[in-house]
Visitor: 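One structure coming up, written as structure tokens, with questions to follow.
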Amino acid sequence: MRGISKSSFTNKIMIDNEVTHKEKERELIERAEEIKVKLERTENMFQNKEKKWGELERIIVNYARKDQDLRNKLSEIKYICDDPSSKRRITTVVEENHVLKSQIDELEKEITELKVQVTYAKSNPT
């Protein structure tokens, strides 16, 4: 620190910190721009996939209107589409999921009860 006053040294540190801060800020801005570009590309890709899926659904619906077997198969896999003639809606699916969840809970209770019975039977052979 010879030849340099304390205030000059402090000023130099402050300037260096400011330069470092500005460099970091610039890097963060560049990174944010890169993320924004990637996000826009991803959004564009999803929009294209959605268009293709919509077209595929339209084709499926057209064929299903004419083909009972196809309608039955779509019903078997619980296929949901935007076809207004379809009886399935999101609320229907939610209700079905609720029923299935209840069935799962009942079966889990039954399994637990059977495990208890098996354990009891193993520990008390007749």
Visitor: The test is side chain to side chain contact (heavy atoms under 4.5 Å, CB included); show your working for E113 and K109 and say whether it passes.
Guide: CA-CA 6 Å; E113 178 64 30; K109 287 178 188 175; over 6 Å; no
Visitor: Report yes if the side chains of E40 and K36 come closer than 4.5 Å at any heavy-atom pair, otherwise no.
Guide: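 Yes. Closest side-chain heavy atoms under 4.5 Å.
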Visitor: Show me, pair by pair, the donor-acceptor contacts under 3.5 angstrom made by side chains of residues 26-35, not counting sequence neighbours?
Guide:
residue, atom, partner, partner atom, Å
R26, NH1, E30, OE2, 2.9

Visitor: Run the salt bridge (charged side-chain N to carboxylate O under 4.0 Å, His left out) test against E55 and tell me which residues pass, sequence neighbours left out.
Guide: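 Testing E55 for salt bridge (charged side-chain N to carboxylate O under 4.0 Å, His left out), a comparison that skips the adjacent residues, returns R58.
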Visitor: Going by the rule side chain to side chain contact (heavy atoms under 4.5 Å, CB included), which residues pair with E106 if we only count those two or more places apart in sequence or in a different chain?
Guide: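 For E106 there are no side chain to side chain contact (heavy atoms under 4.5 Å, CB included) partners, ignoring immediate neighbours.
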Visitor: Tell me, please, which residues at least two apart from L107 pass side chain to side chain contact (heavy atoms under 4.5 Å, CB included).
Guide: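 With neighbours one apart ignored, the set is E110.
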Visitor: Taking it one step at a time, do Q68 and N72 satisfy side chain to side chain donor-acceptor pair (under 3.5 Å)?
Guide: CA-CA 6 Å; Q68 183 63 41; N72 292 339; 2.9 Å; yes
Visitor: Restricting to side chain to side chain contact (heavy atoms under 4.5 Å, CB included), what partner residues turn up for D105, sequence neighbours left out?
Guide: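 In terms of side chain to side chain contact (heavy atoms under 4.5 Å, CB included), with neighbours along the sequence ignored, D105 is linked to K101, E108.
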Visitor: Please round to the nearest 0.5 Å and tell me the distance separating atom CE of M45 and atom CD of Q47.
Guide: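 Going from CE on M45 over to CD on Q47, the span is 10.5 Å.
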Visitor: Provide the closest heavy-atom pair for L74 versus A64 in the form atom of the first, atom of the second, distance.
Guide: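 Shortest heavy-atom separation between L74 and A64 comes out as CD1-CB, 3.9 Å.
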Visitor: Could you tell me the separation between the NE2 atom of H21 and the CD atom of E18, rounded to the nearest 0.5 Å?
Guide: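 With rounding to 0.5 Å, NE2 (H21) is 8.0 Å from CD (E18).
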Visitor: Among residues at least two apart in sequence or on other chains, which ones pass side chain to side chain contact (heavy atoms under 4.5 Å, CB included) with V116?
Guide: none
Visitor: If we check side-chain contact (heavy atoms from CB on, under 4.5 Å) with I13, which of these qualifies: D16, N11, I15, N17?
Guide: N17
Visitor: Would you say that K115 contacts I111 through its side chain, given a criterion of any heavy-atom pair below 4.5 Å between the two side chains?
Guide: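 The answer is yes, as the side chains (C-beta and beyond) meet within the 4.5 Å cut-off.
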